[in-house]
Student: 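Handing you this structure, nothing more for now.
Quick caveat, the model's predicted, so the values are computed rather than measured. Just the heavy atoms: all of them, side chains too, but no hydrogens, waters or symmetry mates, feed the values below.
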Amino acid sequence: MISSEVCGTTESELYMIFAATGRKRRVYGVDFSGAKDAGRKIWISEGVAEDDVLTVLKCYPISDIVANNSKERHACLSALRDLIISNKHSVFGMDFPFSLPHKLMSGKDWYSFVSDFPHEYQSADEFKKAMRIAGGKTELKRLTDIEVKAPFSIYNLWVYKQTYYGIRDVVRPLVMSGEACALPMQKPKEDNPWIMETCPASTLKSEDLYISYKGRTEKERQTRKHILDEMLHKGITVPDEIREKIIDNKDGDALDSFIAAYATFRSVRNLDDIIGNLPDIYLREGYTFF
């Protein structure tokens, strides 16, 4: 078994890749879904960060990189893992929880929890049921959920499939194989991709832009345009064709992936300040970079 320190480095090396002035680095924002037809909902924004500017180069549904453009969940999550593994000097902001409230972890450390996850919960519905039994009448939230004003508990009806499939089919395989580092539970390693938890809703709240933008009407399209234009004042550049693609995506998944990329970019620039002295609870429950 690989220990939770597999991605450890010396303090002087810790942020070398992304802290080096002028050095280019790849940043991905992933709007995730655990739906059966996940390829319809998972969108990815891909960019290059240099100094204080993030240039978004691509924005696409994950089905674009799946054989035969399959939208089936298993194929899409396999493609997502392959994308992460093949981009070793990159950081991925993932829109799903990486852990549970500590009261629901049966006293386990994070690595043991991830290792045991598919054996403890053999389906998404079994996971949701177990959480509700253990949590009682009130849906429990992690400390980070409370702090970033996350809309839902990690096992809420709208979120539980994201949590389940994200941990089981993305985080766990990458961590167990040592092919990626999950921050902040593991220390970053220079030649491994980094995966970080993000929450676009929380990022928008932090920017005072949390307004309804998902839908088919012209009003919602103009709201997506407003949000995107406001975000472009924050050190991001995007070609016109990608800008229009994000605005035209009625479900808002393209915009969510863009916001996840921005949150990742913003967090990486200040990573040593964010995770340098985090209390232990975040190393068990996870931490939302927003």
Side-chain angles (χ1 to χ4, degrees), residues 29-44 62 73-74 76-78 80-81 84 92-106 108-136 138-176 180 182-186 195-203 253 256-257 259-260 263-264 281-290:
V30 180
D31 182 50
F32 191 75
S33 173
K36 187 174 293 186
D37 58 344
R40 188 176 63 85
K41 298 292 292 179
I42 296 176
W43 275 71
I44 300 169
I62 197 167
R73 180 174 56 224
H74 177 76
C76 291
L77 300 191
S78 177
L80 178 57
R81 293 195 305 270
I84 295 170
F92 289 76
M94 319 286 284
D95 178 23
F96 63 83
F98 283 17
S99 191
L100 309 179
H102 73 277
K103 291 182 180 179
L104 304 180
M105 293 178 70
S106 303
K108 296 178 182 178
D109 61 73
W110 181 80
Y111 185 81
S112 298
F113 154 74
V114 168
S115 177
D116 294 344
F117 190 80
H119 310 296
E120 294 279 350
Y121 315 106
Q122 297 186 15
S123 73
D125 287 336
E126 182 180 314
F127 166 71
K128 178 182 66 173
K129 181 179 179 181
M131 293 298 98
R132 288 184 169 177
I133 292 172
T138 302
E139 290 184 347
L140 302 180
K141 287 189 173 184
R142 301 170 298 166
L143 178 59
T144 192
D145 298 327
I146 296 168
E147 290 179 335
V148 304
K149 301 177 182 178
F152 304 110
S153 159
I154 59 92
Y155 55 96
N156 179 272
L157 180 64
W158 296 101
V159 179
Y160 78 99
K161 288 185 179 180
Q162 287 179 235
T163 304
Y164 181 79
Y165 290 107
I167 293 173
R168 192 193 74 171
D169 293 344
V170 181
V171 172
R172 184 181 185 276
L174 294 172
V175 168
M176 296 295 290
L183 276 57
M185 292 74 70
Q186 297 178 300
I195 56 175
M196 304 162 57
E197 179 184 333
T198 61
C199 177
S202 297
T203 302
D253 301 315
D256 282 344
S257 73
I259 296 166
T264 303
I281 190 169
Y282 298 106
L283 306 183
R284 296 186 65 209
E285 289 193 336
Y287 182 89
T288 304
F289 295 87
F290 72 107

Student: Please find the pair of heavy atoms, one from R142 and one from T288, that lie closest to each other, and give the distance.
Tutor: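 Nearest pair, atom of R142 first, then T288: NH2-OG1, 3.9 Å.
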
Student: Taking the side chain as C-beta and beyond, is there a heavy-atom pair between L140 and S153 under 4.5 Å?
Tutor: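 They are not in contact (no side-chain heavy atoms under 4.5 Å apart), so the answer is no.
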
Student: Kindly indicate whether the side chain of W110, heavy atoms from C-beta on, has any atom under 4.5 Å from the side chain of V171.
Tutor: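 SC-SC contact between W110 and V171 confirmed.
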
Student: With F117, which residues qualify under ring-ring contact (aromatic ring centres under 6.0 Å, His included), at least two apart?
Tutor: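 Listed in chain order: F113, Y121, F127, Y164.
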
Student: Could you check if a side-chain atom of Y160 sits within less than 4.5 angstrom of a side-chain atom of D125, using non-hydrogen atoms only?
Tutor: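 SC-SC contact between Y160 and D125 confirmed.
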
Student: Can you list, pair by pair, the side-chain donor-acceptor contacts under 3.5 Å of residues 94-104, counting residues two or more places apart and other chains?
Tutor:
| from | atom 1 | to | atom 2 | distance (Å) |
| --- | --- | --- | --- | --- |
| S99 | OG | R284 | O | 2.6 |
| H102 | ND1 | E285 | OE2 | 3.0 |

Student: What distance separates T163 OG1 from F32 CZ, expressed to the nearest 0.5 Å?
Tutor: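 Output value for this atom pair is 9.5 Å.
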
Student: Check whether any side-chain heavy atom of V30 sits under 4.5 Å from a side-chain heavy atom of V170, and report yes or no.
Tutor: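 No, every pair of side-chain atoms sits at 4.5 Å or beyond.
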
Student: Got L77 and I42 here, is their nearest side-chain heavy-atom distance under 4.5 Å?
Tutor: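 Heavy-atom side-chain distance check passes, below 4.5 Å.
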
Student: Which distance, rounded to the nearest 0.5 Å, do you find between the CE of M105 and the OG of S112?
Tutor: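 Between M105 CE and S112 OG, I get 8.5 Å after rounding to 0.5 Å.
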
Student: Quick one: salt bridge (charged side-chain N to carboxylate O under 4.0 Å, His left out) pairs with a partner in residues 155-175, sequence neighbours left out?
Tutor: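 Residue pairs passing salt bridge (charged side-chain N to carboxylate O under 4.0 Å, His left out), neighbours aside: none found.
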
Student: Would you give the length of the straight line joining atom NZ of K141 to atom CD1 of I146, rounded to the nearest 0.5 angstrom?
Tutor: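 Between atom NZ of K141 and atom CD1 of I146 there are 7.5 Å.
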
Student: Taking all atoms of both residues into account, what is the closest heavy-atom pair of Y282 and E147, and its distance?
Tutor: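 For Y282 versus E147, the nearest heavy atoms are OH-OE1, 2.7 Å.
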
Student: If you compare all heavy atoms of K41 against all heavy atoms of S33, which two are closest, and at what distance to 0.1 Å?
Tutor: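 Shortest heavy-atom contact: CB-CB, 3.5 Å.
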
Student: Mind checking ring-ring contact (aromatic ring centres under 6.0 Å, His included) for Y165 and listing every partner two or more places apart, or none if nothing turns up?
Tutor: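 Not a single residue meets the ring-ring contact (aromatic ring centres under 6.0 Å, His included) criterion with Y165.
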
Student: How far apart are the closest heavy atoms of G93 and T264, and which atoms are they?
Tutor: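 Taking G93 first and T264 second, the nearest heavy atoms are CA-OG1, 3.1 Å.
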
Student: List the residues meeting salt bridge (charged side-chain N to carboxylate O under 4.0 Å, His left out) with E120, not counting sequence neighbours, and say none if there are none.
Tutor: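 Checked E120 against salt bridge (charged side-chain N to carboxylate O under 4.0 Å, His left out); matches are K108.
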
Student: For D37, which residues count as a salt bridge (charged side-chain N to carboxylate O under 4.0 Å, His left out) partner, sequence neighbours excluded?
Tutor: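 With neighbours one apart ignored, the set is R40.
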
Student: Passes side chain to side chain contact (heavy atoms under 4.5 Å, CB included), L80 versus I62? Steps please.
Tutor: CA-CA 7 Å; L80 178 57; I62 197 167; 3.6 Å; yes

